[in-house]
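Beneath this line is the structure, given in structure tokens, with notes to follow.
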Amino acid sequence: MSRFAPQIAPRLKAALAILVLMALVPVAAHAIGDPFLSVIANRMLVFAIAALSLDLILGYGAMVSFGHAAYLGFGAYAVALGARWGVTDLLAQILLGMVFSAAFALVTGAISLRTRGVYFIMITLAFAQMAYFFFVSQGSLGGDDGVALQGRSTLLGLSLDGDVTLYYVTLGALALVYAGLYRLTGSRFGRVLKGTRENSLRMQAMGYRPFPYQLVAYVIAGCLCSVAGVLLANLTEYVSPAYMGWHRSGEMIVMLVFGGIGTLTGAMAGALVAVGLEEVLAAFSEHWRLGFGLALVLVVLFSPEGLTGLAKRLGIGGKHG
Amino acid sequence: MAELLEIRDLRKNFGALAVTDGVSLSVGEGELHAIIGPNGAGKTTLIAQLSGQLAPDGGQVLYGGEDITHLDMAARVRRGLARSFQITALLPGMTVLENVALAVQARSGSSFRFWRDAGGEEITNAQARAALEEVGLADRAAVLASALSHGEQRQLELAVALATKPRLLLLDEPLAGTGGQEAERLIALMQRLKSRLTIVLIEHDMDAVFQLADRISVLVYGAIAATGTPEAVRADPAVRAAYLGEDA
Amino acid sequence: MFNLFLLQLLNGAQFGILLFLVAAGLTLVFGIMDFINLAHGVLYMVGAYLMATFAGMTGNYWLGLMLALPATLIFGLVLEFLVFRRLYDRSHLDQVLATFGLILMLSEGVRILWGSAPLNVEMPELLSGSVPLAGPLKYPVYRIAVIAAGLASAVGLWALINHTRAGMLLRAGASNRPMVAALGVDISRLFMLVFAGGAMLAGFAGAIVAPILSVDPGMGESILILTFVVIVIGGVGSIRGAFLAAILVGVVDTVGRTFGPIWLRMVMDPSAAAQTGRMLAPMLVYLLMAAVLFYSPTGLFGRRGAK
Ligand SMILES: Nc1ncnc2c1ncn2[C@@H]1O[C@H](COP(=O)(O)OP(=O)(O)OP(=O)(O)O)[C@@H](O)[C@H]1O
Ligand SMILES: [Mg+2]
């Protein structure tokens, strides 16, 4: 293994600890007799997958995409469409969601990645909005209101109707996505991606063309996010265009930055905490967005390096890697 | 001597300013060709066009007989044309070894590998260490590039360029900002490289230039004012007036 | 049929003009300050709400407008002073986060102050009613007034940018920021001016659209994304590009929604045409954007190398 392994190990351990802790939640929920706790925790897991996928392009690739929620939608609609076409197996639906996502990411990514900076942010946002309107106009899928699912998917014949079953399937998916991205970010491909983030000109002077690497990362991130979408649809048994609204894209960036960008463990932890916090705040006041927005503004303004800097100073973020 | 690099009537304007004004130049295989000239003469701009970073407005660049004027940077690097940057351009958040290993990786096998740990590639790391050894940076391999001193960063620039296994090396002021001992080591290194590679060297340190160069071209206001052996250039009255005159 | 087309064309132009008013300031902010401001749509919304409030309070459209405009301007300046000015030299990611936070905060604030229900603004006596337009066709005076007001603003802006010293600096700044700084111009004052102007135009758009659109908390966000499309198509930093792109987007969006299904019927059977039309219409402007970007990554009038 790498000679830098001793540096990486603590973070891996932290990730493992988080996963084990999350695995205990249904047990705890059962013990205190509050099944709703599991549902909230399940939501946290789903968004942890989404945040991890976003971290690949935003954290490791420095591509500030403001349209990542579109892929959440593709995953969710893959469940609705799959069920309609008689495909109820979770894996098949995930595959379907990935096909949608890959196609969309390939085309829109190829166009967006020819641009930089403010253009890239605006264009990813606009394309996601296009996908949003596409599903709004699908009357047969409930249009604006969305559509309730007949029931949950099955996994190789196993029914996911039980909340606990779905919970552990989601947890398994999160662990797999984490492990996959852990390998990927340490691989040759991951290095090229990080190198391009650090200094694209230098990478070109070494003989790389950044575009294909960034595009592939963009497609992979979209596909992984659609897994979160598939699981989200199963959790809520409901699919609507609201999953892919641009607020959701913004919230996903906030979650990611919350835990420290460019580190997988940070992304996962950030999403878990942020979703949990959102639930608490929402229960506290219907106007929670006022305080949430204000806090966001204040932190960016008064933490010298922005939210990223704050996370770093608190030791949650750490250096890239 | 066979020509490795041939520049024909190269032109580049920034607005009304002709920064490269009809430059023609040829560099033989194995030659160390120094380009000197006052600040703002257009030396870096010339290198940028040779390496493919900037597209010229007119003229041609031939490399090994092939017209590479319209190739991008990556394609030129693959043909053996490497450069160092005047303003250090490294990957600050990665270690010294990773910086060089990425350059090795670029020319050895596909980078579309998603699973195996790149840090564990012994062959790649060995080659990267060899390049670090060559510039005298081997003991700093595990340090972040951003933690290097300025002089060390210059050394790393060179190591990265060498790791691409170039045939032609374009060096933009490699000695700038290095101290006495570092500079001496780098000069000795270039002396050694001379026997293996063709080098185009931009440098303000005249002692180093006259010590290393086989031929020297003087660039003034984007045009070549004189080309020749160090002795010939030193004696050229136009050069003395335009450039060396400052020192004399 | 032709009459309907003309009607939709006018509606499209009127929508385009509004888009332009919002986009004009924003494209300069992007171009000159390289600052991604997601909260610009908020000014449009605030303009509309202040208009609704002041017009309701005074019972007079014109008084309302006269009060709403400076109020929006002050609101914009306060935002600039408190928030934006600290963000100019931050990373794009920080800018996205902070301005996203502002949107959440201000939209919620509006909800608390004015409620979620849409508000209405009475049309002024002078501009209500319709005028005949080609045969039996009539067109609302108010919409014509909106087009005229927008065009007048565009012309004023054009004159300002092409014939004043501040305008010259703006043009120079939008295409080459370091140069303007090198000229010794007080950049932060220039920024503030641009910002104030942009806020005013967006607020103006919100105020004049209030009588024909319902004023609701989501209005700033829906126009913001279309504004982005306009800026991307026109090219960041280009007022001329923003104008042409805004009209294009306004017309394509409006006409496409009505005529898409009609035109499609010529090539497919009616039910399929209706369905495809419904699906394609809202996506049309985004497809247009994709096509333009495919042809030129920096839009129609963006500077090259501005990547
Ligand atoms: N991108 C650019 N846009 C406009 N002008 C430029 C640009 N790059 C360089 N210049 C100008 O072109 C001229 C030549 O610059 P260049 O960097 O090539 O000079 P140089 O010979 O390398 O100088 P030095 O010895 O200081 O490194 C300078 O006047 C510089 O200001
Ligand atoms: Mg130079």
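Residue numbers start from 1 in every chain, and the chains themselves are labelled A, B, ... in the order their sequence lines are given, proteins ahead of strands.
- When each of A/Phe66, A/Tyr132, A/Phe135 is checked for heavy-atom pairs under 4.5 Å with chain C, A/Phe66 comes out on top.
- Side-chain atoms of A/Tyr119 never come within 3.5 Å of backbone atoms of C/Gly299 as a donor-acceptor pair (strictly under, hydrogens ignored).
- Within the 4.5 angstrom heavy-atom criterion, only backbone atoms of A/Glu286 (N, CA, C, O) approach chain C.
- C/Met283 touches chain A through backbone and side chain together, each having a heavy atom under 4.5 Å away.
- Contact count versus chain A (heavy atoms, under 4.5 Å) is highest, among C/Val229, C/Val232, C/Leu38, C/Leu82, for C/Val232.
- Your options are C/Ile103, C/Leu280, C/Val285, C/Ile36, and the one with the most heavy-atom pairs under 4.5 Å with chain A is C/Ile36.
- Most heavy-atom pairs under 4.5 Å with chain A: of the set C/Gln95, C/Met279, C/Arg111, this distinction falls to C/Met279.
- When atom types are taken as modelled, the side chain of C/Arg90 and the backbone of A/Leu301 share a donor-acceptor pair closer than 3.5 angstrom.
- Top candidate by heavy-atom pairs under 4.5 Å with chain C, chosen from A/Leu298, A/Val64, A/Ile111, is A/Ile111.
- Between chain C and the options A/Val107, A/Ile123, A/Leu125, the largest number of non-hydrogen pairs under 4.5 Å is found for A/Ile123.
- For chain C, the nearby parts of A/Leu294 are the backbone and the side chain; heavy atoms of each come within less than 4.5 Å.
- Remark: A/Arg114 qualifies as a cation-pi partner of C/Phe294 under the 6.0 Å distance and 45° angle criteria applied to the six-membered ring.
- C/Leu293 contributes atom CG, which lies 7.0 Å from atom OG1 of A/Thr115 (distance to the nearest 0.5 angstrom).
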